[in-house]
Each structure stands twice: as structure tokens, then as C-alpha cells.
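See below for the structure under consideration.
Since this is a predicted model, take the numbers as computed values, not measurements. In this chain, residues are counted from 1 in sequence order.
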Amino acid sequence: GRPTLRAPGQAIVETVERLQTGVPWYAAGPDSFGNAALLRAVADGARWVTDPAWRPRSAALGAVVTHAHPDAVAASVALAELVAAGIADPDALADPWARAKDVADRLEPSPVTDALHALPRARSNQPVAHQSLARALHLVHRHRDPRKAVLAAVNQGGASDVVAGIVGALVGARHGVDAFPDAWLDVEHAERIARRAKRLAKAQGLPVTTRKTTVGPRPKKLDRSEVEPVHLWYLIDRSGSMAPLQTAVIEGFNGFLAE
């Protein structure tokens with residue numbers, strides 16, 4: 001059957017279908033250069049901070065299982081390098097453009113390296129791996145306040161989910177958990193995530209930081225009669241590879257309204 005993810009992209013669906021026919025995991029990923037695999041590279045960067053030899057291999061393997069196009073793989077490798085750099089030396093991300101160009105110089109020429117070298121002109125916000133990475137770095141450089149950088153990424157539209165995730169990972173790698181408001185840390189499985197982060201740091205001999213403040217009480221819910229009505233519209237792209245996602249988009253939107 002179809003994968004039981006909240007919103008699987010077409011590349012994920014195709015990968016699962018290939019696996020079910022007996023294709024090995026390392027060959028099941030379609031030739032996609034979408035951005036859905038990018039955030040896995042954050043884990044590779046955090047896990048292998050002290051192992052620069054294995055880190056790019058791990059990031060590449062993490063991408064190729066669903067996004068086998070060289071551009072998607074290279075973008076994941078680049079992101080893992082940037083996250084690891086920020087954790088090892090926060091000053092390494094003080095100038096994200098310079099660090100990105102340094103990473104690009106160590107990769108084979110591709111649209112990924114072109115995008116990293118062209119960061120000052122990064123404007124596109126399409127769900128393409130190298131464009132999402134470049135856009136995120138552009139926002140990190142433009143907004144020196146970590147919170148403003150994340151908010152700008154979330155509110156920009158387009159591929160905001162992945163771009164915001166990358167921005168959060170980069171500012172978190174550089175500034176630590178105290179870069180974020182308490183309310184932003186009140187998420188699913190927060191305690192489990194914190195425990196695993198500490199274990200990762202200890203396993204690599206990295207310093208372990210503790211959150212200085214705790215998450216406060218949740219805001220009081222507003223009475224619906226006190227809230228102005230909001231009208232929402234959305235446009236479904238039914239063309240080409242997006243056609244199979246139509247039902248998932250509608251169900252997801254209805255679920256959002258129900259919540």
C-alpha cells in the first residue's frame with residue numbers, strides 16, 4: 001500500500017512502490033532532484049561532526065534512497081557539511097555565504113555549486129533541492145536574529161516547510177537551543193528529542209548545553225466568537241507528477257481545518 005506518512009511526496013511514493021516489487025533499497029529511489037530528502041542531512045551533519053570522512057557518505061546515502069538525482073545528493077552533502085561546521089565552530093557560520101562557497105569548491109560542479117556561488121542572488125523558492133538550500137542560506141545571512149530568520153522562512157510561501165527546517169537547523173547549529181523561544185520547543189516528543197541530542201553530543205565528545213528556561217503554560221484558547229473569520233483559498237496543481245497527490249492535498253487541508 002501507500003506509505004503512511006502525513007504528506008508523502010511523489011518521489012517517496014515511487015520509492016515505496018519500487019521496494020514492494022523487490023528493487024533493493026539503494027536502487028529504489030527515482031531520479032528526483034526535489035527537496036524532500038534535504039532535512040535528513042541535518043541528522044548526518046549532527047551525528048558525524050567529528051567524522052568528516054564518513055559524513056558526506058552518510059548524507060549521500062540518506063538522500064539517494066528516495067532522491068537519486070546527483071543534484072539532490074550533492075545538496076544533502078552540502079547541508080550536512082554546513083550543519084557540522086556550525087556545531088563544531090559557531091563562527092564558521094558567521095558568514096554563511098563564505099562557508100557555502102567553501103563547501104561548493106569541494107564538490108563536483110553542478111547546479112548545487114552554481115546555487116551556492118550565487119547566494120547573493122538567491123530568490124527562487126521552488127521545491128528543488130539546490131534552490132531550497134540556497135534560499136535558506138540567503139535568509140540566514142539576511143536575518144542575523146535567529147528568530148527573524150525562521151519566521152521569514154516560514155512566512156515566505158512556496159517551499160517554506162523545507163526552507164524553514166534548514167534555517168532552523170543552521171541557526172540552531174550555530175547558536176544552540178537558546179536561539180529559539182520557549183513556545184517553539186513545545187513540540188511533539190520534545191523530551192525524547194532533547195535526550196537524543198544530548199546522547200549524540202556525548203558520543204562525539206561535544207559539549208552538552210542545557211536549556212536555560214522551561215516551556216511555560218500553553219496560551220489560553222480564544223473563544224471562537226471573539227475571533228474574526230478568515231477566508232482560505234488554495235489552488236491544486238493536478239498536472240504531471242502532482243496528479244496522484246490530489247487526494248492527499250484535499251485530505252490534509254480538511255484535516256488542518258478540523259484541528
Side-chain angles (χ1 to χ4, degrees), residues 34-52 55-56 58-60 62-63 67 72-100 102-104 112 115-116 119 122 125 127-156 158-181 184-185 187-190 192-194 196-201 204 206-209 211:
N35 65 5
L38 262 178
L39 289 177
R40 296 176 211 151
V42 173
D44 295 298
R47 173 60 184 88
W48 305 109
V49 174
T50 57
D51 192 342
R55 186 169 59 237
S58 181
H67 293 71
V73 175
S76 289
V77 170
L79 178 55
E81 292 298 303
L82 290 163
V83 169
I87 295 174
D89 178 12
D91 289 338
L93 293 183
D95 186 346
W97 288 353
R99 190 67 192 183
D102 176 62
V103 172
V112 177
L116 294 179
L119 279 175
N125 192 26
V128 176
H130 66 276
Q131 293 180 3
S132 294
L133 177 57
R135 181 62 180 168
L137 283 162
H138 174 77
L139 291 173
V140 170
H141 183 270
R142 181 178 180 182
H143 301 280
R144 295 299 179 163
D145 183 321
R147 304 181 190 192
K148 291 182 179 180
V150 173
L151 288 173
V154 169
N155 291 315
Q156 67 177 342
S160 59
D161 52 350
V162 174
V163 173
I166 298 172
V167 170
L170 293 175
V171 298
R174 183 185 180 198
H175 300 284
V177 69
D178 284 316
F180 307 108
W184 290 11
L185 304 180
V187 297
E188 294 176 295
H189 312 301
R192 184 192 305 174
I193 294 170
R196 290 183 176 178
K198 290 180 180 179
R199 286 167 55 192
L200 271 178
Q204 300 179 86
L206 300 172
V208 177
T209 58
R211 179 69 176 174

Going through the checks in order, is the side chain to side chain contact (heavy atoms under 4.5 Å, CB included) test met by Val163 and Leu139?
-> CA-CA 9 Å; Val163 173; Leu139 291 173; 4.0 Å; yes

Please name the pair of heavy atoms, one in [X] and one in [Y], separated by the smallest distance, quoted to 0.1 Å.
{"X": "Phe180", "Y": "Gly168", "answer": "CZ-O, 3.4 Å"}
{"X": "Ala46", "Y": "Ile87", "answer": "CA-CD1, 3.8 Å"}
{"X": "Ala37", "Y": "Ser76", "answer": "O-OG, 3.9 Å"}
{"X": "Ala72", "Y": "Gly34", "answer": "CB-O, 4.2 Å"}
{"X": "Ser160", "Y": "Val154", "answer": "CB-O, 3.6 Å"}
{"X": "His143", "Y": "Ala152", "answer": "NE2-CB, 3.5 Å"}

Non-hydrogen side-chain atoms of [X] and [Y] separated by less than 4.5 Å:
{"X": "Asn35", "Y": "Val128", "value": "no"}
{"X": "Leu38", "Y": "Ser132", "value": "yes"}
{"X": "Arg147", "Y": "Pro181", "value": "yes"}
{"X": "Val112", "Y": "Val77", "value": "no"}

Hey, what do you get for [atom1] ([X]) to [atom2] ([Y]), rounding to the nearest 0.5 Å?
{"X": "Arg40", "Y": "His67", "atom1": "CZ", "atom2": "NE2", "result": "6.5 Å"}
{"X": "His175", "Y": "Leu170", "atom1": "NE2", "atom2": "CG", "result": "10.0 Å"}
{"X": "Thr50", "Y": "Leu206", "atom1": "OG1", "atom2": "CG", "result": "6.5 Å"}
{"X": "Leu151", "Y": "Asp145", "atom1": "CG", "atom2": "CG", "result": "8.5 Å"}
{"X": "Ile166", "Y": "Arg135", "atom1": "CD1", "atom2": "CZ", "result": "12.0 Å"}
{"X": "Lys148", "Y": "Arg142", "atom1": "NZ", "atom2": "CZ", "result": "11.5 Å"}

Any donor-acceptor N/O pair, Gln131 side chain to Pro127 backbone, under 3.5 Å = no

Without swapping roles, check the side chain of Arg55 against the backbone of Val49 for a donor-acceptor pair under 3.5 Å.
-> yes

Candidate pair Asp95 and His141, rule side chain to side chain contact (heavy atoms under 4.5 Å, CB included), full reasoning | CA-CA 7 Å; Asp95 186 346; His141 183 270; 4.1 Å; yes

